[in-house]
Protein chains: 2
Amino acid sequence: MAASDMGTRERRQRQVAEREQLFLNAARELVREDGLLKLQMSRVADRCEYAVGTLYLHFASKEDLLVALTTQNLREHAGLFRRVAQWNASTRDRMFAIGVADMIFVRRNPEHFRLAQYALCEVVWRAASARRREDLLAANQPIGAIVAGIVEEAVAAGDLELQRQTPQELATGLWSLCFGFHNLVHAEGVLEDFSIREPYVLMCRHLQHLLNGFGWRPLADPADKRALDALIKRICRDVFNDVCHAAPAAGAAPRAAATPRTAP
Amino acid sequence: MAASDMGTRERRQRQVAEREQLFLNAARELVREDGLLKLQMSRVADRCEYAVGTLYLHFASKEDLLVALTTQNLREHAGLFRRVAQWNASTRDRMFAIGVADMIFVRRNPEHFRLAQYALCEVVWRAASARRREDLLAANQPIGAIVAGIVEEAVAAGDLELQRQTPQELATGLWSLCFGFHNLVHAEGVLEDFSIREPYVLMCRHLQHLLNGFGWRPLADPADKRALDALIKRICRDVFNDVCHAAPAAGAAPRAAATPRTAP
DNA sequence: GCAAACAATGAATCTAGTTCACAAGACTGT
DNA sequence: ACAGTCTTGTGAACTAGATTCATTGTTTGC
């Protein structure tokens, strides 16, 4: 009795988890199809052939669902970073590869940045349930931790001096640069009159500049486009062989792939 | 007849513009009091003792109003940058002062970053009218232009080599770093377990690192906290004498000053 | 086989943003 | 001064879409 009880309870829980996946996948599809703007709870339920009420058994609100969606993306993001951490290369190359991972991640999840920007906004964040917020932070935690870990390793290996900073503090610099760059790229019009051709190559170059600024050895020459391309290609081959196809050449804004927009 | 006609039309226009200010100020107050989440169009109208319909004569939608509010902030932001551009100091110091200006601006407008984050989100951005979007971009334009201008000057003065980059491209690096840092600081919980003590001092240090990475002379030693503090103090005195009071010591997150939040 | 517990449902409710038919006031020409 | 016209302001009514909850169906335990 007790055993079968536990068995059925487990099965039930599994089914519920599966249904949650179903909802999340449907929501992601809808966001990719029509944009965040047009996401409707009733459509999500419809697409999964469940009643709205059922959807609300899983998610306390629309915001809750959006935060959950972001959390899923962050888990994939962390997965890519984890690969980099295990890559057998110099700490400098690994840190640079973190930037490449970021780039690949955004290309695979074109909706992510808009979504994250929205989900982390006060308005949405506070309307989500405490549990979802915690989940998101938990999914986010490794992202910072992995970066800080590489920093620590670099110090141990003598590639880098911290100079009174904590590894976390140093990591925020790299993080800000990438995060801010994504945000700029995705803020329509803001970069328009800057006529940036290949935004993500530029991001990588800035990353190299910042790493140089930190004195992270071996220093790189960010002006050497050939070396930069070769490094990116190598990273794609060694670390992200299965996930990055058209990587080195691709520097176009991911905007086109994201959601439909008003006339340019 | 024609003269008085023009006179009354001008007066009318002025009055309309004043009323728009009234609405925007009320909206800003409400956002500071209750947070972005609770902003209601009817409350804005109430506070100004006008009918909702009148409010809608000015703003096509709630999003429209929020974008307009952000635009106002950006104008103040650009104003601070303009002062820096006119400061009589080395290009390196001026570029660093841009970061300080950013810091001061955020302290004076604690709601700005949340607001901007929200307003630039696809969801809100696309729901605003084309005119408001253009206005925002126009208000934003000088911000990038001033930075690019300082870069150009630095090249002309021999303080910096561009190495195949455009001034705009280089500017994006600095911009991303600051923008990203603000976003990180304002994303509740994200920086929590990083235990960052004085976020904006850290931002300034990262800025110095990145400038060093660009090879922008004279190179600075970001580990020299004393020199950094002195520089910040000098900038506050020479450039922002009237607007920055408790500047050099203040590094606390502006979160507290912003909107009320759920239990920490 | 039946009652209690649990899960799913979707019509009804509710909230705020938005509209628009009408009223009040301002201007014009006689 | 006055009737007509045009502009501006109003707020009750409308609406979309998120959220709820009384009802109905399904499983579990005895």
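Naming convention: chains lettered A, B, ... in sequence-line order (proteins, then strands); numbering from 1 in each chain.
Spacing between atom CD of A:Gln40 and atom C1' of D:dA16 amounts to 8 Å, rounded to whole angstrom units. Regarding B:Glu63, its CD atom lies at a distance of 15 Å from the P atom of C:dA16, rounded to whole Å. If you take CD of B:Gln15 and C1' of D:dT8, they are 12 Å apart, rounded to a whole angstrom. Atom CE of A:Met41 and atom P of D:dA18 are 7 Å apart (whole Å). Counting to the nearest Å, the C1' atom of D:dG17 and the CG atom of A:Asp46 are 13 Å from each other. Taking atom OH on B:Tyr56 and atom P on D:dC14, their separation rounds to 18 Å, with Å as the unit. Across the protein-nucleic acid pair, A:Leu30 atom CG and D:dG17 atom P stand 14 Å apart, rounded to whole Å. Protein atom CZ of B:Arg43 is 10 Å distant from nucleotide atom P of C:dG17, rounded to whole Å.
Here A:Leu39 lies in heavy-atom contact (under 4.0 Å) with sugar-phosphate atoms only.
Taken to the nearest 0.5 Å, the CG atom of A:Leu207 stands 10.5 Å off from the CZ atom of A:Phe181.
B:Glu33 has a carboxylate O that lies under 4.0 Å from a charged side-chain N of B:Arg47, or vice versa, which qualifies the two as a salt bridge.
Between D:dG17, C:dT18, C:dA26, one nucleotide has an atom nearer to the side chain of B:Arg12 than all others, and that is C:dA26. Closest to the side chain of A:Lys62, out of D:dG17, D:dT19, C:dT18, is D:dT19.
In summary, the side chains of A:Arg28 and A:Asn73 do present a donor paired with an acceptor at a separation below 3.5 Å, with no hydrogens or angles considered. With hydrogens and angles left out, the side-chain atoms of A:Gln21 and A:Gln72 include a donor and acceptor closer than 3.5 Å.
Paired with A:Asp64 under the rule salt bridge (charged side-chain N to carboxylate O under 4.0 Å, His left out), one option of A:Arg132, A:Arg126, A:Arg133 passes, and it is A:Arg132.
Ring orientation note: the planes of B:Phe105 and B:His77 are close to parallel, at an angle under 30° on the 30°/60° scale.
Of the possible donor and acceptor atoms, one in the side chain of B:His206 sits under 3.5 Å from a partner among the backbone N and O of A:Gly173.
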Protein-nucleic acid N or O pairs under 3.5 Å, nucleotides 10-12 of chain D:
unit_1 : atom_1 : unit_2  : atom_2 : d
D:dT10 : OP2    : B:Ala51 : N      : 3.4
D:dT10 : OP2    : B:Thr54 : OG1    : 2.4
D:dG11 : N7     : B:Gly53 : N      : 3.4

